[in-house]
Each structure stands twice: as C-alpha cells, then as structure tokens.
Amino acid sequence: MQLTARRGHFLAFLALLLIFGSVSAYTALRHAAGDLASLKARSQIERWQRDARLKPQIRDVGQARNALVKAIERTPDDPGLHENLAYLYGLRALMARSLPELEHAMLDEVLTHSRMAGARRPMAPYAWANIAMALHRKSEDPVAMWAALDRALAYGRREGGVQIRVAGIILARWDEAGIERQTDLRNMLLNSRGRAAKQLRQMLDSAGRQDLLPQG
C-alpha cells in the first residue's frame, strides 16, 4: 500500500512536470515566433535611431509597424515590442504634423504602447520619455507629463535618446520646468557625449539658447 502510494505521488509529480514543461515550451515557442516576426523591424528601427541622417519613408514605417503588431499578437507582454511600436507611431506623428487630427491619433498610439511598456518594465526610461513627449506635443495633462519626464530622468539620464526627448520638453517649457529641471538640462549638456551631445547643441542653436552651453 505504501509503495503504491509513493508510486502514485511520483506519477502525479511527473504529470505536473510534463504539464509545466509543455507550458514553458509553448511560451518559449511563442516568444521565438515573436522574435522572428519582428527581427527585421527591430533591426531597421535600430538603424533609424542610430543614424539621424536616415529618413524613414512612410512605406518602410508601415511595414515595420505591421511586423511588430503581428509579433505582439504572439507575445503581448514583451515591453521591447511595445517600445519599438511607440517609436514608429512617433515617427508617423512627425510625418503628420500638418494634419493635427492624424498627428494626435498617432500620439495616442505612442501613449498607449509606451504605457504598456512601462507597466511591464517600470524602470524603462524610454517608455517614460515617450509618454512625456507625447503629452507635451498634445498639450495635455502637464502634471502627468512632468511626472513621466522625472521618471525618465531618474532611470535614464545618461541615455542619449532620453536626453534628447527630455531636453526638447524642458527647452520648450523653460519657465514651467522649474530650477531643478533646468539644472538637470545643464548637467546633461555638460556630461553628454557623442551623437547625443551634437544633437543637444543643435537643439540649443535652433532654440536660440546658446547661453546654456557649457563654458570652457
């Protein structure tokens, strides 16, 4: 009787292993399928982000978006996919600046996917920077916008892409930003390197704020 009971427990344990093993394998396959579906799109996005001289065409943006949407259908909890999709909708918003209704619709998508990314990866600086930028461009909910900007700085003040987004908002809302965020911008200008430093200086030139450039 005791031997039979032990065998029964062992078989039950094996059954559980098989069930959870099957679930894990299924999950792994879903993630692999999502990665394959989005691989080309992710690679393209990285090139666009890395080289500001590249000018994405609307057709290319649309193809990348379709690939990411398909990947999200398979792996809806991947924050990276949502961040990349928010980036693409941000590009579409820029392309639609002469059509306010379309621009705002694209910015709504930026907010949706950035919030999804932030919910799944709360310390993702780009998700918070994108939320802040979208709210800034829509002129909506300044309290939420500044809160998102502060979180972007808290988690990624040394990230070049975060610096560019945050600097654009602070420069546009200089008086509203307050002394602490103005100081954050000055520190970014002092410590930025490479492509981000060059873009920040171009932003200052365009805004007529060369007085903010580090001296010496």
Side-chain angles (χ1 to χ4, degrees), residues 45 48-52 79-80 82-98 100 103-216:
I45 288 168
W48 290 335
Q49 291 175 327
R50 196 167 51 242
D51 191 345
H82 287 287
E83 278 191 30
N84 281 328
L85 196 52
Y87 170 79
L88 293 177
Y89 280 119
L91 288 180
R92 288 288 287 112
L94 282 172
M95 295 174 181
R97 296 196 87 163
S98 61
E103 179 190 15
H104 281 207
M106 295 298 101
L107 290 173
D108 285 339
E109 295 289 349
V110 173
L111 286 170
T112 294
H113 289 284
S114 295
R115 284 167 174 157
M116 287 181 177
R120 290 157 175 78
R121 188 188 291 158
M123 295 177 69
Y126 285 96
W128 295 110
N130 286 335
I131 290 170
M133 180 57 74
L135 290 172
H136 163 64
R137 284 168 59 183
K138 292 189 70 178
S139 297
E140 285 185 0
D141 200 344
V143 174
M145 183 207 70
W146 287 120
L149 182 143
D150 291 340
R151 291 185 76 165
L153 278 173
Y155 302 139
R157 66 178 62 247
R158 295 189 179 278
E159 291 284 336
V162 171
Q163 291 176 348
I164 298 301
R165 292 165 175 79
V166 165
I169 297 170
I170 294 175
L171 283 171
R173 298 173 179 252
W174 184 254
D175 293 333
E176 183 187 345
I179 293 175
E180 187 173 342
R181 296 186 187 102
Q182 292 170 0
T183 301
D184 282 330
L185 176 58
R186 288 189 169 96
N187 288 334
M188 275 192 282
L189 294 169
L190 187 64
N191 297 313
S192 62
R193 298 289 182 270
R195 185 167 58 88
K198 182 178 179 181
Q199 285 186 265
L200 287 170
R201 281 158 178 73
Q202 289 173 345
M203 290 172 68
L204 292 178
D205 288 340
S206 298
R209 295 304 311 265
Q210 293 87 346
D211 59 298
L212 296 175
L213 285 169
Q215 301 301 312

Trainee: Do other residues, nucleotides or ligands put more than 12 heavy atoms under 6.0 Å from Glu180 CD?
Mentor: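 No, CD of Glu180 has 12 or fewer neighbouring heavy atoms, counting only those of other groups under 6.0 Å.
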Trainee: Is the shortest heavy-atom distance from the side chain of Leu204 to the side chain of Leu171 under 4.5 Å?
Mentor: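 With C-beta onward as the side chain, the pair touches.
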Trainee: According to side chain to side chain donor-acceptor pair (under 3.5 Å), who are the partners of Glu159, at least two apart in sequence or on a separate chain?
Mentor: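 Partners of Glu159 under the side chain to side chain donor-acceptor pair (under 3.5 Å) test: Tyr126.
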Trainee: Which residues satisfy the side chain to side chain contact (heavy atoms under 4.5 Å, CB included) test with Ile164, sequence neighbours excluded?
Mentor: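 Partners of Ile164 by the side chain to side chain contact (heavy atoms under 4.5 Å, CB included) criterion, ordered by chain and then number, come out as Gln199, Leu200, Met203.
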Trainee: Restricting to salt bridge (charged side-chain N to carboxylate O under 4.0 Å, His left out), what partner residues turn up for Asp175, sequence neighbours left out?
Mentor: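 Not a single residue meets the salt bridge (charged side-chain N to carboxylate O under 4.0 Å, His left out) criterion with Asp175.
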Trainee: Mind listing the side-chain donor-acceptor pairs of residues 107-114 below 3.5 Å, one per line with the distance, residues two or more places apart or on another chain?
Mentor:
residue	atom	partner	partner atom	Å
Asp108	OD1	Lys138	NZ	2.2
Thr112	OG1	Asp108	O	3.0
His113	ND1	His82	ND1	3.1
Ser114	OG	Val110	O	2.8

Trainee: Could you list the residues that satisfy side chain to side chain contact (heavy atoms under 4.5 Å, CB included) with Ala119, not counting sequence neighbours?
Mentor: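 Ala119: no side chain to side chain contact (heavy atoms under 4.5 Å, CB included) contacts found.
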Trainee: Could I get the full list of side chain to side chain contact (heavy atoms under 4.5 Å, CB included) partners for Ala132, not counting sequence neighbours?
Mentor: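 Met145, Ala148, Leu149, Ile169.
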Trainee: Which value, rounded to the nearest 0.5 Å, describes the distance between Leu88 atom CG and Ile45 atom CD1?
Mentor: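 Nearest 0.5 Å value for the CG-CD1 distance: 4.0 Å.
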Trainee: Going by salt bridge (Lys or Arg N to Asp or Glu O under 4.0 Å), name the pairs with one or both residues in residues 160-171, residues two or more places apart or in two chains.
Mentor: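 Not a single pair qualifies under salt bridge (Lys or Arg N to Asp or Glu O under 4.0 Å).
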Trainee: Apply salt bridge (charged side-chain N to carboxylate O under 4.0 Å, His left out) to Arg120 and list each qualifying residue two or more places apart in sequence or on a separate chain.
Mentor: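 Expected list: Asp77.
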Trainee: Sequence neighbours left out, what passes salt bridge (charged side-chain N to carboxylate O under 4.0 Å, His left out) with Asp150? Give chain and number order.
Mentor: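 For Asp150, the residues satisfying salt bridge (charged side-chain N to carboxylate O under 4.0 Å, His left out) (neighbours in sequence not counted) are Arg181.
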Trainee: Judged by atom type as modelled, is there a donor-acceptor pair below 3.5 Å linking the side chain of Trp128 to the main-chain atoms of Pro122?
Mentor: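 It does hold such a pair.
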Trainee: Going by the rule salt bridge (charged side-chain N to carboxylate O under 4.0 Å, His left out), which residues pair with Arg157 if we only count those two or more places apart in sequence or in a different chain?
Mentor: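 With neighbours one apart ignored, the set is Asp184.
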Trainee: Please collect all salt bridge (Lys or Arg N to Asp or Glu O under 4.0 Å) contacts where either partner lies in residues 121-134, sequence neighbours excluded, each pair once.
Mentor: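 Salt bridge (Lys or Arg N to Asp or Glu O under 4.0 Å) check on residues 121-134 returns Glu83-Arg121.
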Trainee: Which pairs pass salt bridge (Lys or Arg N to Asp or Glu O under 4.0 Å) with one or both residues in residues 190-204, sequence neighbours excluded?
Mentor: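 Residue pairs with at least one partner in residues 190-204: there are none.
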